[in-house]
Amino acid sequence: MKRIAKMFWLQFVLFIMIFPITSPQAKPISDDVDEEETILVGRISHVEGQLLRYVPDEKEWVATVADAPFYTDDILHSGEKGRAEFIMPNNTWVRIDGDTQIQLNALKDDVIEVDVASGLARFHNKGSYAIVRATTPFGHVVAPEKTSFDLYVGDESVEVVALKGKVDFFHGTSETRFEVIPGAPAIIADSWQVTAGKDDVDTDWDRWNRDREYLWATRNRVGEESVKYLPPNLSYEAHALEEHGRWERVYYDGGYSYFWRPVYVGVGWAPFTAGRWTVRYGENTWIPHEPFGYVTHHYGNWIFLRGFWYWAPPVARVRVGVGFPLLEIGFAWYPGRVAWIHSGGYIGWVPLAPYEPYYCYRRWGPRAIVVKNVNIINLNINRYKYVKHAVIINQNKLYTVRNYRKARVRNIKHATLVKNYRVAPVLNNRVIKNYNNMRERYDFTDVRVRSKPHRPVNKTTQQRHLVLKQGVDNKDKTVRQNITDVRRSKLARRVGVSSPRTKDRLAHTNQLNRRMAAPEFQEREHKKRADLRTEDRMRATKEKQKSRRQMPVESVRQKKVRAENRSYAGKEVRKVQRKSSPLPARQRGVRTKDPSYARKEVQRVQRRPSPQPVKQRKVQAEDQGKGGPEEKKQRYKEESYMESQNRSSPQAQGNNYRKDGSKERPSRNRHSSSRNQDRRRTDSTQRSFKGGYTR
C-alpha cells in the first residue's frame with residue numbers, strides 16, 4: 001500500500017509540473033488575438049456645442065461629451081451650431097458640422113463605413129492600408145488611402161467635393177461610378193441623375209478644419225518622445241502623456257519595463273475615480289475627465305507599484321517570450337477593466353491586474369470572458385490583486401457622480417471587504433435594485449438637452465438603422481472589387497440638380513410632443529449657412545471698428561441730400577472737412593486783438609480796396625483839400641488835354657533822338673518809361689491821401 005501511495009503522489013506531482021494550476025494572476029498571456037477578430041472603437045476627440053447620441057433601448061437622445069467612445073451602430077447628431085471630431089484606430093478622421101447625423105456601420109483595420117444621413121462631413125483617410133466607405137441616401141463614396149473629401153447631404157440631393165486624391169462616387173439608382181478629382185468640378189446627384197457642380201467648399205467650414213489640422217500638427221511635435229512607447233494606432237495620444245506625466249524604467253514581473261506615471265494629479269489619486277460610468281449596449285463604460293484618461297483607461301493596464309499607479313502601454317501584437325517591453329499587453333479596447341463587488345446598498349469596483357480576466361457581454365480582446373449565464377459564475381474576492389484599492393460608493397450615486405473621490409466610502413478594512421462583499425461579473429437587477437429602470441445610466445453628462453430630432457427624423461433614423469444593419473459586406477476585398485466591377489459613366493449635361501438643402505431636423509423639447517406642420521421646418525443650404533455666418537462676423541467687425549472712430553456729424557445740406565436722393569438710402573455719407581487757407585497778417589492781427597471774434601461763427605473779413613491808377617493818385621495827392629469836386633473835375637480835364645497836346649507836338653516827338661542825331665531805340669517794356677516818370681513824380685511828394693496807401 002505504501003508503494004502504491006508513493007507512486008500516486010509521484011504521478012500527481014508530475015501532473016502538477018506539466019499542467020500547472022492556472023489562476024487569474026499567474027495565467028501567462030498567449031497569442032490569442034487571432035482567435036477572434038478584435039473590436040475596434042473610435043473616439044470622440046472634440047465637441048463644440050451639443051452632440052447627441054441615440055439610445056435604442058430607450059428610443060431617446062442623450063447628450064454626449066468628448067473622450068466618449070464611438071463604435072459600431074452608434075448614431076450621433078450634432079446641434080444646430082455644434083461641431084465634432086472623431087478619430088478611428090485605423091487612422092481615419094471624420095469631422096461633422098452643425099445639424100449633421102452620422103452612423104458608424106463598420107470599423108476594421110482595413111475598412112471603415114460611415115453613413116451620413118444629412119448635413120456636412122469631411123473625411124480624412126490618413127492611413128496607409130484602410131479604405132473609407134461613406135454612404136448617403138443617394139449613393140456612397142469610396143476613398144482609398146491618403147485621400148480626403150467633403151460630403152454635403154441634403155433632403156433631395158448630395159454633393160461630393162474631392163480635396164486630396166481621387167475618390168469614386170457610386171450612384172445608388174443607376175448603379176454607375178463617377179470619379180471625383182481635386183480641382184475638377186464637384187458632383188451633385190439626386191435619386192435619378194448625376195451632374196457637375198462647382199469646385200468650391202464652405203469657407204467657414206474649411207477654415208475650422210484647417211485650424212484643427214494645425215492644432216494636431218502642434219500636438220504631434222510635443223509628443224515626439226512618447227511616440228516610441230505607443231503602438232502606431234495610438235500615436236496621436238502621445239501629446240497627452242508627454243504633457244501630464246513621464247516614462248520610468250521599473251522592475252515588474254521578473255524584469256524591467258518602461259511604464260508611464262501621471263505626475264500632475266492629487267495625493268491619493270487612483271484610476272477610475274475622476275470620471276463617471278455610463279451604459280452602452282449593456283456594457284458599463286468609463287468616461288474619464290483627465291486629459292490623459294481616454295488612452296490610459298481603455299487601452300493597456302494600470303499597475304500599482306512602489307506606492308504609485310503606473311500605466312503599462314499595449315503593443316500592436318503579443319509575442320511569446322521575453323522582449324521589449326517585458327510585460328506585453330495586447331492592443332485592444334476595453335469599456336473599463338474593473339471587477340464589480342457589492343454588499344447591500346453599496347457597490348464598488350476593483351482595478352484589474354494585467355493577467356486578471358475581464359467579464360463582459362462581448363469579447364473586446366485578450367483576457368475578456370463573455371458572460372452568457374450569470375448564475376453559474378461564482379468568483380472569490382481574494383483572487384483580485386488590488387482589492388485593497390477598491391472604490392466603494394452608495395448605489396444611488398453610481399450614475400450621478402462625476403468624481404467618485406468625494407463620494408467614496410473610506411477606511412474600509414480588508415477583512416470587511418472579504419467578509420461582506422461579493423463579486424458580480426456584470427451589473428444587473430440582482431446587484432442593483434431597479435437597475436433596468438434607471439434612466440440616468442445612459443447619461444454622459446449632466447447638461448440638459450434643449451433640442452432633439454423631431455418625430456419624422458426619429459422614424460427615418462430607426463428605419464435606416466435596420467436597413468444598414470442587414471447584410472452589408474464590409475470586407476476590404478469586397479469594397480475594392482466593387483470599384484472595378486461597376487462601370488464608369490459620364491456626367492449628365494444640361495441637367496438641373498438643385499444644390500443640397502436640408503430642413504430643420506431639430507426641435508425644442510417643449511415642441512416634441514405636439515404634431516408640427518411641414519411649413520414650420522425652415523429649409524437652408526449647407527454652404528450658404530456658413531457663408532452667412534462669416535458675413536455676420538465680418539459685419540460685426542466693421543461695426544466695431546466704426547464705433548471706435550469719431551465720425552464727424554453730417555451737415556444740414558448732407559442730410560437734405562440723403563432725404564431727397566433715394567440712391568443714398570442705406571449708405572453712410574462721411575463729411576469731409578476742408579482745410580481753410582491761412583489768414584492774412586492784417587486779419588490775423590484783428591483776430592488776436594478782438595476777443596469776441598472767436599465766438600462768432602462767421603469770419604470777419606475786411607474788404608481790401610482796389611488800387612487806383614497812378615494818375616488819379618497823383619492828382620488826389622496834389623489837390624487834396626483844394627476846391628470842391630466840380631473844380632477838381634474841371635482842372636483834371638484841362639491837365640489831361642494839355643498833356644495830350646504836348647505828346648503830339650514835334651518837340652515831344654524829337655525827344656526820341658539822341659544829341660549825336662541817332663534815333664533812340666524804344667524800350668522793350670512799353671510801360672517802363674511811364675512807370676519811371678510816375679515813380680519820380682510820386683517820390684517827390686511822399687504824401688498820403690484818403691483811402692490810399694503810403695509810398
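Predicted model, so just to flag it, every value in this text is computed and none were measured. Side-chain atoms are counted along with the backbone in the values below, which use heavy atoms only and exclude waters and symmetry mates.
Under a 4.0 Å N-O distance rule, the pair Asp504/Lys452 does not qualify as a salt bridge. Electrostatic pairing of Arg43 and Glu237 counts as a salt bridge here, judged by a charged N lying under 4.0 Å from a carboxylate O. By the 4.0 Å N-to-carboxylate-O rule, Glu156 lies too far from Arg501 to be salt-bridged with it. With salt bridges taken as basic N to acidic carboxylate O contacts below 4.0 Å, none links Glu224 and Arg221. A salt bridge links Glu113 with Arg133: the closest approach of a Lys/Arg side-chain nitrogen to an acidic carboxylate oxygen falls below 4.0 angstrom. In summary, Arg210 and Asp206 engage in a salt bridge, as defined by a charged side-chain N under 4.0 Å from a carboxylate O. Between Asp446 and Arg276, at least one side-chain nitrogen of the basic residue sits less than 4.0 Å from a carboxylate oxygen of the acidic one, meeting the salt-bridge criterion. For the pair Asp74 and Arg53, the salt-bridge criterion is met [side-chain N within less than 4.0 Å of a carboxylate O].
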Begin from the C-alpha positions of Ser45 and Glu85 and carry the test side chain to side chain donor-acceptor pair (under 3.5 Å) through to its verdict.
-> CA-CA 6 Å; Ser45 59; Glu85 179 185 64; 2.8 Å; yes

Check the pair Leu151, Phe169 against side-chain contact (heavy atoms from CB on, under 4.5 Å), reporting the backbone distance first and the verdict last.
-> CA-CA 11 Å; Leu151 203 59; Phe169 173 73; over 6 Å; no

Test log, rule ring pair (Phe, Tyr, Trp, His ring centres under 6.0 Å), inputs Trp247 and Tyr229 = CA-CA 9 Å; Trp247 295 90; Tyr229 299 104; 4.4 Å; yes

Check the pair Arg505 / Ser118 against side chain to side chain donor-acceptor pair (under 3.5 Å), numbers first and verdict last.
-> CA-CA 9 Å; Arg505 302 173 62 86; Ser118 65; 3.0 Å; yes

Would Tyr294 and Ile287 satisfy side-chain contact (heavy atoms from CB on, under 4.5 Å), going step by step from the backbone distance to the final call?
-> CA-CA 8 Å; Tyr294 182 84; Ile287 307 300; over 6 Å; no

Residue pair Arg83, Trp208: steps toward the side-chain contact (heavy atoms from CB on, under 4.5 Å) verdict | CA-CA 10 Å; Arg83 283 172 175 171; Trp208 181 76; 3.3 Å; yes

Val142 and Phe170: side-chain contact (heavy atoms from CB on, under 4.5 Å), yes or no, with the steps?
-> CA-CA 8 Å; Val142 176; Phe170 295 81; 3.6 Å; yes

For Arg362 and Glu283, run salt bridge (Lys or Arg N to Asp or Glu O under 4.0 Å): C-alpha distance rounded to whole Å, both residues' side-chain angles, the deciding distance at 0.1 Å, then the answer.
-> CA-CA 9 Å; Arg362 300 177 66 182; Glu283 303 285 4; over 6 Å; no

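Side-chain polar atoms of Ser226 and Glu242 form a donor-acceptor pair below 3.5 angstrom. Side chains of Asn125 and Thr147: a donor-acceptor N/O pair is absent below 3.5 angstrom, by distance only. With 3.5 Å as the limit, one finds no donor-acceptor pair spanning the side chains of Ser148 and Arg122.
The aromatic rings of His244 and Tyr264 sit perpendicular, their planes meeting at an angle over 60°, well past the 30° parallel limit.
Between the NE2 atom of His124 and the NZ atom of Lys164 there is a distance of 9.0 Å, given to the nearest 0.5 Å. Rounded to the nearest 0.5 Å, atoms CG (Leu104) and CD1 (Ile75) are 10.5 Å apart. For the atom pair CG of Leu51 and CZ of Phe444, the computed distance is 10.0 Å after rounding to the nearest 0.5 Å. Expressed to the nearest 0.5 Å, how far CG of Leu76 lies from OG1 of Thr100 amounts to 11.0 Å. To the nearest 0.5 Å, atom CG of residue Asp168 and atom NZ of residue Lys166 are 5.0 Å apart. Expressed to the nearest 0.5 Å, how far CD1 of Ile188 lies from OG of Ser498 amounts to 8.0 Å.
The closest donor-acceptor contact from the side chain of Arg367 to the backbone of Pro354 lies under 3.5 Å. Panel note: side chain Thr218, backbone Trp216; no donor-acceptor pair is recorded below 3.5 Å. Under a 3.5 Å cut-off, the side chain of Asp443 and the backbone N or O of Thr445 do not form any donor-acceptor pair. For the pair Tyr442 (side chain) and Trp61 (backbone), a donor-acceptor distance under 3.5 Å is absent. Panel note: side chain Asp67, backbone Gly293; no donor-acceptor pair is recorded below 3.5 Å. Remark: the backbone N or O of Asp99 is not paired with any side-chain donor or acceptor of His77 at under 3.5 angstrom.
Checked against the 6.0 Å centroid threshold, His298 and Tyr334 do not count as a close aromatic pair. Centroid-to-centroid, the aromatic rings of Trp286 and Phe272 come within less than 6.0 Å. For Phe292 and Trp311, the distance between ring centers is not under 6.0 angstrom.
In terms of heavy-atom proximity, Leu506 sits nearest to Ser78 at CD1-O, 3.9 Å. Shown here for Ser499 and Ser157, the closest heavy-atom pair between the two residues is C-OG, 3.5 Å. Of all the heavy atoms in Thr296 and Trp302, the pair that sits closest is O-NE1, 2.9 Å. Residue Val194 comes nearest to Ala189 through the heavy atom pair CG2-CB, 3.7 Å, listed as atom of the first residue, atom of the second, then distance. The shortest heavy-atom contact between Thr502 and Gly154 is OG1-CA, 3.4 Å. Of all heavy-atom pairs spanning Lys126 and Lys146, the tightest one is O-NZ, 3.1 Å.
Using a 4.5 Å heavy-atom threshold, the side chains of Pro314 and Leu234 count as touching. Considering only heavy atoms from C-beta on, Ser235 stays 4.5 Å or farther from Leu230 through its side chain. Proximity of Phe138 to Ser191: side-chain heavy atoms (C-beta onward) are separated by under 4.5 Å at one or more points. The side-chain heavy atoms of Val370 and Tyr361, taken from C-beta on, include no pair separated by under 4.5 Å. Side-chain contact between Leu107 and Asn90 is present, with heavy atoms from C-beta onward closer than 4.5 Å. Residues Val158 and Tyr152 fail the side-chain proximity criterion, which asks for heavy atoms closer than 4.5 Å. Residues His297 and Pro271 meet the side-chain proximity criterion, which asks for heavy atoms closer than 4.5 Å. Looking at heavy atoms from C-beta onward, Val449 lies in side-chain contact with Leu52 at the 4.5 angstrom threshold.
Screening Tyr358, Tyr299, Tyr71 for a ring-ring contact (aromatic ring centres under 6.0 Å, His included) involving Trp364 leaves a single residue, Tyr71.
Under a cutoff of 6.0 Å and an axis angle of 45°, Arg246 and Trp260 do not form a cation-pi pair.
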